[in-house]
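Below is one structure, written out as structure tokens, with a few remarks after it.
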Amino acid sequence: GVEVGPQPQGVVRADILDKMRKIVKHGLDFVQLFNEGKEFPPCTIEVFKIMEKVDYPRNKNDEIIAIIHPKLQDQDWQPLNNGDPLFLTLDGEVIAYKGDSTIYPTFINEAAYYEKKQAFVKTEKMKLTAKPIRSSV
């Protein structure tokens, strides 16, 4: 499966549809070349490993008491460092990120995740190295 976004539920965006078509085409091109016996050299890519899901700050009644800080909104996959603004309470207090390493938040303030108690997902950036591959056919 391929999920390309972000886009709100029930909305079709031409730019996102175009990106999805390109991704699917590249995937099909890879399969065709692999099946024809092309060797793919080793490569290294950056990936983001999910560490944990982070909920919104809540009160004792389980009600959300802060929103995503405006400086974090729309910053998926961007570095978040210790002390950077994370949430903004309804009283205007800034809640900063407290961590001993840089993280890369994603799925920030996604409407589909409110009911799952998820404000964003913490990820860490890693590099993976793939060995060369070739079809055995």
Side-chain angles (χ1 to χ4, degrees):
V2 175
E3 180 179 348
V4 181
Q7 64 182 355
Q9 296 92 332
V11 174
V12 178
R13 289 181 38 173
D15 60 331
I16 301 296
L17 181 61
D18 185 55
K19 287 178 183 179
M20 187 255 334
R21 284 182 174 145
K22 287 177 181 174
I23 288 170
V24 170
K25 181 184 180 315
H26 287 303
L28 293 172
D29 289 346
F30 169 82
V31 170
Q32 180 177 350
L33 292 169
F34 181 80
N35 287 342
E36 291 172 356
K38 177 174 175 54
E39 181 174 354
F40 291 87
C43 65
T44 301
I45 60 168
E46 286 186 345
V47 298
F48 294 87
K49 179 182 177 185
I50 293 175
M51 297 165 53
E52 69 177 294
K53 296 174 183 175
V54 177
D55 192 7
Y56 293 89
R58 295 177 182 269
N59 64 18
K60 62 183 178 188
N61 296 323
D62 205 33
E63 299 165 327
I64 294 174
I65 60 167
I67 58 175
I68 295 293
H69 193 280
K71 289 186 177 179
L72 181 60
Q73 184 65 51
D74 300 321
Q75 296 302 307
D76 295 77
W77 314 111
Q78 299 304 308
L80 185 69
N81 299 296
N82 187 45
D84 287 347
L86 194 56
F87 295 105
L88 184 63
T89 70
L90 302 178
D91 297 331
E93 178 187 341
V94 174
I95 300 172
Y97 169 62
K98 294 180 179 132
D100 51 358
S101 65
T102 299
I103 63 165
Y104 297 81
T106 188
F107 302 114
I108 301 169
N109 202 26
E110 290 281 341
Y113 297 112
Y114 271 64
E115 65 191 35
K116 296 177 181 177
K117 296 185 175 184
Q118 181 179 314
F120 65 93
V121 173
K122 283 184 187 180
T123 70
E124 64 180 345
K125 190 188 297 191
M126 307 173 61
K127 288 190 177 187
L128 295 179
T129 301
K131 296 178 181 178
I133 60 170
R134 173 180 277 175
S135 173
S136 60
V137 177

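Counting non-hydrogen atoms of neighbouring residues, nucleotides and ligands closer than 6.0 angstrom, the CZ atom of R58 exceeds 12 such neighbours. Summarising the local packing, CD of E52 is surrounded by more than 12 heavy atoms from other residues, nucleotides or ligands at distances under 6.0 Å. Heavy atoms from other residues, nucleotides or ligands lying under 6.0 Å from CG of N61 number more than 12.
For the atom pair NZ of K71 and CG of D84, the computed distance is 9.0 Å after rounding to the nearest 0.5 Å. The distance from atom CG of N82 to atom CG of D100, rounded to the nearest 0.5 Å, is 8.0 Å. The line from CD1 of I133 to CD of E39 is 9.0 Å long, rounded to the nearest 0.5 Å. Atoms CD1 and CD, from I67 and Q73 in turn, are 9.0 Å apart once rounded to the nearest 0.5 Å. To the nearest 0.5 angstrom, E46 atom CD is 4.5 Å from K125 atom NZ. Taking CZ from R134 and CG from L33, the interatomic distance works out to 12.0 Å, rounded to the nearest 0.5 Å.
Note on L128: it does not cluster hydrophobically with F48, by side-chain heavy-atom contacts below 4.5 Å among ILVMFWY residues. By the rule that hydrophobic residues join a cluster once side-chain heavy atoms approach within less than 4.5 Å of another member, L72 and F87 end up as members of one cluster. The hydrophobic clustering, which links ILVMFWY residues whose side-chain heavy atoms are closer than 4.5 Å, places I95 and I65 apart. Under a hydrophobic clustering in which Ile, Leu, Val, Met, Phe, Trp and Tyr are joined whenever their side-chain heavy atoms come within less than 4.5 Å, directly or via other members, Y113 and F120 fall into different clusters. Follow the hydrophobic side-chain contacts under 4.5 Å out from L80 and you never reach W77; the two are in separate clusters.
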Check against side chain to side chain contact (heavy atoms under 4.5 Å, CB included), L86 and H69: CA-CA 5 Å; L86 194 56; H69 193 280; 5.8 Å; no
Test log, rule salt bridge (Lys or Arg N to Asp or Glu O under 4.0 Å), inputs D29 and K25: CA-CA 6 Å; D29 289 346; K25 181 184 180 315; 2.8 Å; yes
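The closest side-chain heavy-atom distance from P132 to P42 is below 4.5 Å. Taking 4.5 Å as the limit, some side-chain heavy atom of K53 sits within range of a side-chain heavy atom of V121. Between P70 and L88, the closest side-chain pair of non-hydrogen atoms falls below 4.5 Å.
Using modelled atom types and a 3.5 Å distance limit, the side chains of D76 and Y104 yield no donor-acceptor pair.
Across all their heavy atoms, K122 and I103 have their closest contact at CG-CD1, 3.5 Å. The heavy-atom pair separating Q118 from D55 by the smallest distance is N-OD1, 4.1 Å. Residue G37 comes nearest to S135 through the heavy atom pair CA-CB, 4.4 Å, listed as atom of the first residue, atom of the second, then distance.
Here the two rings, on Y114 and Y56, have centers that are under 6.0 Å apart.
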